[in-house]
Amino acid sequence: MIDIALLRDNPQVVRASQIARGEDPAIVDAVLAADTSRRSALGDFEAARAQQKSLGREVAQAKGEEREVLLARTKQLADQVKSFQAKAGAAGEELDSLLSQIQNIVEGAPPGGEDDFVVVRHVGTPRDFAAEGFEPRDHLALGEGLRAIDTARGAKVSGSRFYYLTGVGARLELALLNAAVDQAVAAGFVPVITPTLVKPEIMAGTGFLGRHADEIYHLGTDDLYLVGTSEVALAGYHSGEIVDLSEGPLRYAGWSACYRREAGSHGKDVRGIIRVHQFHKVEMFSYSRLEDADAEHQRLLAWEEDMLAKAELPYRVIDTAAGDLGSSAARKFDCEAWLPTQQRYLELTSTSNCTTYQARRLGVRERVAGGQTRPVATLNGTLATTRWIVAILENHQQADGSVRVPVGLRPYLGGLEVLEPVS
RNA sequence: GGAGACGUCGCAUAGUCCGGUCUAGUGCGCCACCCUGCUAAGGUGGUGACCCCGUAAGGGGUCCGAGGGUUCAAAUCCCUCCGUCUCCGCCA
């Protein structure tokens with residue numbers, strides 16, 4: 001939810017943001033009109049209600065005939081109040097519905113669509129497998145050789161885009177996630193294991209039930225949603241609360257399974273575990289003051305890069321274009337690791353600054369000097385996911401099909417230095 | 001799954017049976033000021049959220065777990081739901 005006051009005072013800012021995202025700017029005028037009619041309806045209701053209350057007090061005092069006369073008047077008024085209230089309610093809903101369609105105001109993101117990202121920097125150098133004298137295997141071939149990844153049985157049991165991680169595969173995932181949690185804790189994050197089923201209002205509050213609602217699993221019997229990231233549960237954690245940010249941002253590191261329907265991605269990344277329905281993720285989540293949000297965003301990005309350094313992966317950082325931002329994000333940076341067998345970069349982390357968009361919907365506020373409250377900013381960023389296994393296997397593979405374990409992960413694998421194929 | 005109790009403005013609690021004087025009382029906490037050479041104690045006042053009108057001062061409205069209903073009028077009566085607790089059953 002964007003700030004209606006911003007829209008009233010600076011409608012051109014909102015229009016510009018909509019245009020940058022490739023969305024319809026005309027909705028701004030629809031909101032302004034709905035706002036006007038809601039205010040007028042609310043005024044009618046409140047005036048009538050005030051009259052009803054004061055008459056009610058007179059009724060309580062009055063006796064006999066005087067009371068009868070008053071009762072007749074109040075009965076009439078009651079109908080009027082009811083009808084005004086209904087009108088005001090409807091006008092309010094109309095406004096909310098329009099306002100909630102407006103996505104967060106873009107801040108600093110490059111204009112354009114998915115392909116218009118700006119590369120911020122490259123870190124590390126992709127290996128030259130030709131010079132090393134062998135053809136790199138892809139992550140699934142490597143994973144099968146290591147008896148680490150089993151997509152055939154995943155499909156047998158659960159369908160396409162499901163998999164088993166076995167042996168060193170399972171251990172490697174745990175190693176990654178544990179390394180991520182340890183790093184987060186060292187940086188002051190509170191580690192959290194979150195619910196993965198959430199109520200509709202929480203899912204809607206984080207902005208995931210808009211355009212891409214068909215990406216999300218829904219349990220109809222219980223009207224609960226399976227989260228696609230622990231961001232959802234962590235954003236909901238302080239919903240409806242007034243939080244204290246006087247000591248700096250509140251930082252949580254969520255550990256959870258993540259579920260995605262991957263509707264509309266048929267035929268894309270079908271091999272292996274690049275794009276799957278279920279995976280694990282450690283996610284950083286910060287509640288910060290709005291004026292600290294940019295700095296916090298940069299910190300989240302830096303922590304992501306620390307993890308990538310532990311995994312010893314070559315990657316680039318991109319500044320996502322406005323048209324490719326999620327509805328909640330004002331700005332987003334992705335870190336993409338080099339994938340040798342596909343000669344392309346693969347997203348491993350994503351950090352978004354959602355400014356006050358989610359907090360406004362979820363009612364997360366802070367108290368400021370003077371006793372006033374205002375919405376906080378929320379930010380999130382990836383520390384590790386199952387997908388990282390793809391990049392680690394491919395980038396650290398050796399000619400014999402074994403895989404060198406990055407030094408930073410060895411403590412989490414009992415000191416193991418090389419993953420050896422099972423013959 | 002069954003039975004029962006409970007949910008009030010930071011915390012604790014009154015009010016609910018019997019609807020209007022609740023414009024929600026009180027204690028604690030907190031804030032400001034006063035007093036006291038410091039501290040403690042004491043005194044006075046204040047003390048929530050959200051929305052609308054207004055430059056402001058100020059005025060008005062909504063909120064007693066949530067949502068409906070009855071009524072001229074609901075914290076109070078009725079219904080549904082949610083949550084917490086206790087007991088029983090069942091399952092890990």
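Protein chains get the first letters and strands the later ones, always in sequence-line order, with residue 1 at the start of each. Here the structure is a predicted model, which means the values were calculated and not measured.
Residue contacts shown for A:Leu42 are limited to sugar-phosphate atoms, with no base heavy atom under 4.0 Å away. If you check every strand for non-hydrogen atoms under 4.0 Å, A:Gly56 touches a base. Looking at heavy-atom distances under 4.0 Å, A:Arg374 makes no contact with the nucleic acid at all.
The same atom, P, is picked in B:G48 and in B:A24; the two are 12 Å apart, to the nearest Å. Taking atom P on both B:G69 and B:A12, the two are 32 Å apart, rounded to the nearest angstrom. On the P atoms, B:G43 is 10 Å away from B:C28, given to the nearest whole Å. Taking atom P in both B:C85 and B:G67, one finds a spacing of 23 Å when rounded to whole Å. Across the C1' atoms, B:C22 and B:A14 are found 12 Å apart, a figure rounded to whole Å. Annotation: B:G15 and B:A56 have their P atoms spaced 42 Å apart (nearest Å). For the P atom pair drawn from B:C18 and B:C79, the interatomic distance equals 14 Å after rounding to whole Å. Going from the P atom of B:A5 to that of B:G60 covers 41 Å, rounded to whole Å.
B:C82 atom P lies 12 Å from atom CG of A:Asp223, rounded to whole Å. Atoms CG (A:Leu77) and C1' (B:U71) sit 14 Å apart, rounded to a whole Å. As a whole-Å value, the separation of A:Glu93 CD from B:G67 P is 12 Å. For the pair A:Gln85 CD and B:C72 C1', the computed distance is 15 Å after rounding to whole Å. Rounded to whole angstrom, the span from the CZ atom of A:Arg49 across to the P atom of B:G61 amounts to 9 Å. As rounded to whole Å, 11 Å separates atom C1' of B:C50 from atom CD of A:Glu46. Atom CD in A:Gln52 sits about 13 Å away from atom C1' in B:U62, given to the nearest Å. A:Ile242 has its CD1 atom 7 Å from the P atom of B:C50, to the nearest Å.
Across all strands shown, B:A24 forms no Watson-Crick or G-U wobble pair with both distances under 3.5 Å. Applying the Watson-Crick and G-U wobble criteria (two distances, each under 3.5 Å), B:C85 pairs with B:G4. In this entry B:A40 has no Watson-Crick or G-U wobble partner, no candidate having both defining distances under 3.5 Å. Using Watson-Crick or G-U wobble geometry with both donor-acceptor distances under 3.5 Å, B:U71 finds no partner in any strand shown. Checking B:U47 for Watson-Crick or G-U wobble geometry (two distances, each under 3.5 Å) identifies B:G29 as its partner. Figure legend. B:A14 is base-paired to no nucleotide; pairs are counted as Watson-Crick or G-U wobble with both atom distances under 3.5 Å. As the counterpart of B:C91, no nucleotide is assigned, since no Watson-Crick or G-U wobble pattern has both distances under 3.5 Å. Using N1 to N3 plus N6-O4 or O6-N4 for Watson-Crick, or N1-O2 and O6-N3 for G-U wobble, each under 3.5 Å, B:A56 pairs with nothing.
Take the nearest nucleotide of RNA chain B for A:Lys199 and for A:Gln76: the residue whose nucleotide is more 5' is A:Gln76. For A:Leu71 and A:Phe45, each mapped to the nucleotide of RNA chain B holding its nearest heavy atom, the one lying further toward the 5' end belongs to A:Phe45.
Side-chain polar atoms of A:Thr229 and A:Lys281 form a donor-acceptor pair below 3.5 angstrom. Using modelled atom types and a 3.5 Å distance limit, the side chains of A:Thr206 and A:Gln358 yield no donor-acceptor pair.
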If you apply the rule side-chain hydrogen bond (donor to acceptor under 3.5 Å, both in side chains), what do you find for A:Asn104 with A:Ser327, and how did you get there? CA-CA 6 Å; A:Asn104 199 1; A:Ser327 56; over 6 Å; no
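Distance alone, capped at 3.5 Å, places no donor-acceptor pair between the A:Arg15 side chain and the A:Val28 backbone. The closest donor-acceptor contact from the side chain of A:His238 to the backbone of A:Tyr287 lies at 3.5 Å or more, if one exists at all.
Salt bridge present: A:Asp35 and A:Arg39 bring a charged side-chain N and a carboxylate O closer than 4.0 Å.
The side chain of A:Ala78 lies closest to B:C72, out of B:A49, B:C72, B:U70. Among the nucleotides B:U71, B:C82, B:U62, the one closest to the side chain of A:Lys53 is B:U62. Closest to the side chain of A:Ala50, from the set B:U71, B:C82, B:G61, is B:G61. For A:Lys82, the side-chain atoms get nearest to B:U70 when compared with the rest of B:C52, B:U70, B:U62.
Using a 4.5 Å heavy-atom cutoff, the side chains of A:Val418 and A:Val405 are not in contact.
Listed pair A:Arg365 / B:C50 meets the phosphate criterion, a side-chain N or O lying under 4.0 Å from OP1 or OP2. A sub-4.0 Å separation between OP1 or OP2 of B:G10 and a side-chain N or O of A:Arg367 is absent.
A tilted orientation is assigned to the rings of A:Phe162 and A:His277, their planes being inclined by 30° to 60°.
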